[in-house]
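Notes follow once the structure below has been shown.
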Amino acid sequence: MATERTLSIIKPDATKRNLTGKINAKFEDAGLRIIAQKRIHLTKEQAGKFYEVHASRPFYDELCEFMASGPVVVQVLEGEGAIGKNREVMGATNPADAAPGTIRAEFAESVGENSVHGSDAPETAAEEIAYYFSGLELVG
Ligand code: CMP
């Protein structure tokens with residue numbers, strides 16, 4: 001399988017509970033390398049632009065408010081099949097459906113406050129990485 005890069009976000013519910021290290025350990029234990037990482041505080045507008053694809057969903061406003069409610073850690077994960085592997089490590093969007101041992105099963109509080117985001121396909125991964133990082137910041 002090819003080496004891929006994917007965009008990951010550790011969300012405000014997780015940074016608030018000091019879980020960045022525990023979540024990063026899950027990624028590294030799965031063989032994903034953190035090749036870029038920074039802690040930032042998004043504005044609601046910046047969160048809204050990132051999640052524009054969900055603009056017509058009923059939860060969009062709540063999602064943008066939440067993503068701007070505290071610091072997030074944005075990161076780029078690299079590895080073989082990194083996009084799918086990260087989605088496995090994260091678990092299902094709704095923590096009630098997430099497999100045991102996954103990040104969302106262990107740490108997420110609800111479908112909205114679900115601790116992590118990960119890109120869902122190669123095209124979105126490239127777009128999402130470019131939203132937060134310049135090429136110079138990716139150190140593989
Ligand atoms: P994420 O992987 O970041 O992509 C979109 C996010 O929308 C998703 O994780 C959830 O946190 C959020 N989301 C999805 N469904 C709902 C919902 N029913 N209510 C609130 N937030 C939701």
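Nothing fancy with the numbering, it's 1 onward along the sequence. First listed ligand is number 1; within each ligand, the first listed atom is number 1.
- Tyr60 is linked by a ring-ring contact (aromatic ring centres under 6.0 Å, His included) to nothing, counting only residues two or more places apart in sequence or in another chain.
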Quick one: table the atom pairs, ligand 1 N or O against protein N or O, below 3.5 Å, distance rounded to 0.1 Å.
{"from": "ligand 1", "atom 1": "2 (O)", "to": "Arg104", "atom 2": "NH2", "distance (Å)": "3.4"}
{"from": "ligand 1", "atom 1": "2 (O)", "to": "His117", "atom 2": "ND1", "distance (Å)": "3.3"}
{"from": "ligand 1", "atom 1": "3 (O)", "to": "Lys11", "atom 2": "NZ", "distance (Å)": "2.7"}
{"from": "ligand 1", "atom 1": "3 (O)", "to": "Tyr51", "atom 2": "OH", "distance (Å)": "2.6"}
{"from": "ligand 1", "atom 1": "3 (O)", "to": "His117", "atom 2": "ND1", "distance (Å)": "3.0"}
{"from": "ligand 1", "atom 1": "9 (O)", "to": "Lys11", "atom 2": "NZ", "distance (Å)": "3.2"}
{"from": "ligand 1", "atom 1": "9 (O)", "to": "Asn114", "atom 2": "ND2", "distance (Å)": "3.3"}
{"from": "ligand 1", "atom 1": "11 (O)", "to": "Lys11", "atom 2": "NZ", "distance (Å)": "3.2"}
{"from": "ligand 1", "atom 1": "11 (O)", "to": "Val111", "atom 2": "O", "distance (Å)": "2.9"}
{"from": "ligand 1", "atom 1": "11 (O)", "to": "Gly112", "atom 2": "O", "distance (Å)": "3.4"}
{"from": "ligand 1", "atom 1": "11 (O)", "to": "Asn114", "atom 2": "OD1", "distance (Å)": "3.3"}
{"from": "ligand 1", "atom 1": "11 (O)", "to": "Asn114", "atom 2": "ND2", "distance (Å)": "3.3"}

Give the table of side-chain donor-acceptor pairs shorter than 3.5 Å for residues 118-126, with sequence neighbours excluded, one pair per line with atom names and distance.
{"from": "Ser119", "atom 1": "OG", "to": "Leu7", "atom 2": "N", "distance (Å)": "3.1"}
{"from": "Ser119", "atom 1": "OG", "to": "Leu7", "atom 2": "O", "distance (Å)": "3.4"}
{"from": "Ser119", "atom 1": "OG", "to": "Glu128", "atom 2": "OE1", "distance (Å)": "2.8"}
{"from": "Asp120", "atom 1": "OD1", "to": "Thr124", "atom 2": "OG1", "distance (Å)": "2.7"}
{"from": "Thr124", "atom 1": "OG1", "to": "Ala121", "atom 2": "N", "distance (Å)": "3.1"}
{"from": "Thr124", "atom 1": "OG1", "to": "Ala121", "atom 2": "O", "distance (Å)": "2.9"}

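- Legend: residues meeting side chain to side chain donor-acceptor pair (under 3.5 Å) with Gln37, ordered by chain and number and at least two apart, are Asn24, Gln75.
- For Glu78 and Arg33, the salt-bridge test fails: no basic side-chain N is under 4.0 Å from an acidic carboxylate O.
- A cation-pi geometry, defined here as NZ or CZ lying under 6.0 Å from the six-membered ring centre and within 45° of its normal, does not hold between Lys44 and Phe66.
- Note: His117 and Phe50 have perpendicular aromatic rings, judged against thresholds of 30 and 60 degrees for the angle between ring planes.
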